Amino acid sequence: MKQLPIIALDFESADKVNAFLDQFDEPLFVKVGMELFYQTGPKLIKSIKDRGHSIFLDLKLHDIPNTVSKAMEGLAKLDVDLVNVHAAGGKAMMEAAIKGLRQHNKHTKIIAVTQLTSTTETQLHEEQNIQTTIEEAVLNYAKLSQQAGLDGVVCSPLEAELITAQLGKDFMKVTPGIRPEGSAQNDQKRITTPEQAKQLGSTHIVVGRPITQSDDPVKSYQIIKESWLG
Ligand code: C5P
């Protein structure tokens, strides 16, 4: 799987996505999330693939195992590079997700969201009734994902070091919350630079606004790419 920084295409229409992609003349690795997929669906995925880009389809599936398995059978046909589920759906759900995906597809990687980075320790304790630290909860879900046979997890770069130590460096750690030195933090709470993410063991970084909202997206992407690839 390509190590390029994954650009989060958080745009509300296919036109805006196309205008953004028109600026680049090289193959990219992009992330399509719920906002875009619910509006534009498989058609947009096909057109991004036809332009030669790799795709992380970030739909975070979470339902009973049978439903997730069938949904993955459908997503498998889109032939993207990376898909994901919520680890909170449980080991049986994650195993069913893999089974569904592999009906039609041998190469798409599948990872799990551990704890959303928007979850605070207070919420973890008081709402989810999980009486551990965030790090322990994330590590627990990462272990469960590995036992279920997944290829990795989405996590904060600040959790990547611990996950690498416990689960190995090949287990994917796909990390949002990336900000180059001097760029706006926006609503992200726990951020690192691309270089720090690499040092902490991230295998892939996800970067949105520092590129998509930049005055010069191509230049911002090149700077991030160089500092990530080293
Ligand atoms: O613009 P920014 O770089 O903050 O975008 C990060 C992307 O990663 C967004 O699409 C956001 O939804 C996603 N993401 C995240 N934190 C997570 C999971 C996904 O920021 N834990």
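For clarity, every value in this text was computed on a predicted model and none was experimentally measured. Each ligand, and each atom within it, is numbered from 1 in the order the structure gives.
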Atom 20 (O) of ligand 1 - nearest protein heavy atom and its distance: Gln188 NE2, 2.8 Å
Over 12 non-hydrogen atoms of neighbours within 6.0 angstrom of NZ in Lys43: no
Side-chain donor-acceptor pair present, Lys173, Thr164, cut-off under 3.5 Å: yes
For Ala8, the ligand 1 atoms whose distance to one of its heavy atoms is below 4.0 Å: 7 (C), 10 (O)
Heavy atom of the protein closest to atom 12 (O) of ligand 1 (residue, atom name, distance): Lys31 NZ, 4.2 Å
His104-Asp79 side chain donor-acceptor pair, cut-off 3.5 Å: no
Glu181 atom CD: more than 12 heavy-atom contacts under 6.0 Å: no
Ligand 1 versus Asp10: contacting region, heavy-atom distance under 4.0 Å: side chain
Heavy-atom nearest neighbour in the protein, as seen from atom 19 (C) of ligand 1, with distance rounded to 0.1 Å: Pro176 CG, 3.8 Å
Ile48 side chain reached by Val17 side chain, heavy atoms, under 4.5 Å: yes
N or O contact, Lys60 vs ligand 1, cut-off under 3.5 Å: no
Contacting atoms of ligand 1, where contact means under 4.0 angstrom from a heavy atom of Thr117: 16 (N), 17 (C), 21 (N)
Ring centroid separation Phe56 to Phe29 under 6.0 Å: no
Subset of ligand 1 atoms that lie under 4.0 Å from at least one heavy atom of Arg209: 1 (O), 2 (P), 3 (O), 4 (O)
Glu161 atom CD, neighbour heavy-atom count above 12 within 6.0 Å: no
Where ligand 1 meets Arg179 - atom numbers and elements under 4.0 angstrom, heavy-atom basis: 1 (O), 2 (P), 3 (O), 4 (O)
Nitrogen or oxygen of Gly208 less than 3.5 angstrom from that of ligand 1: yes
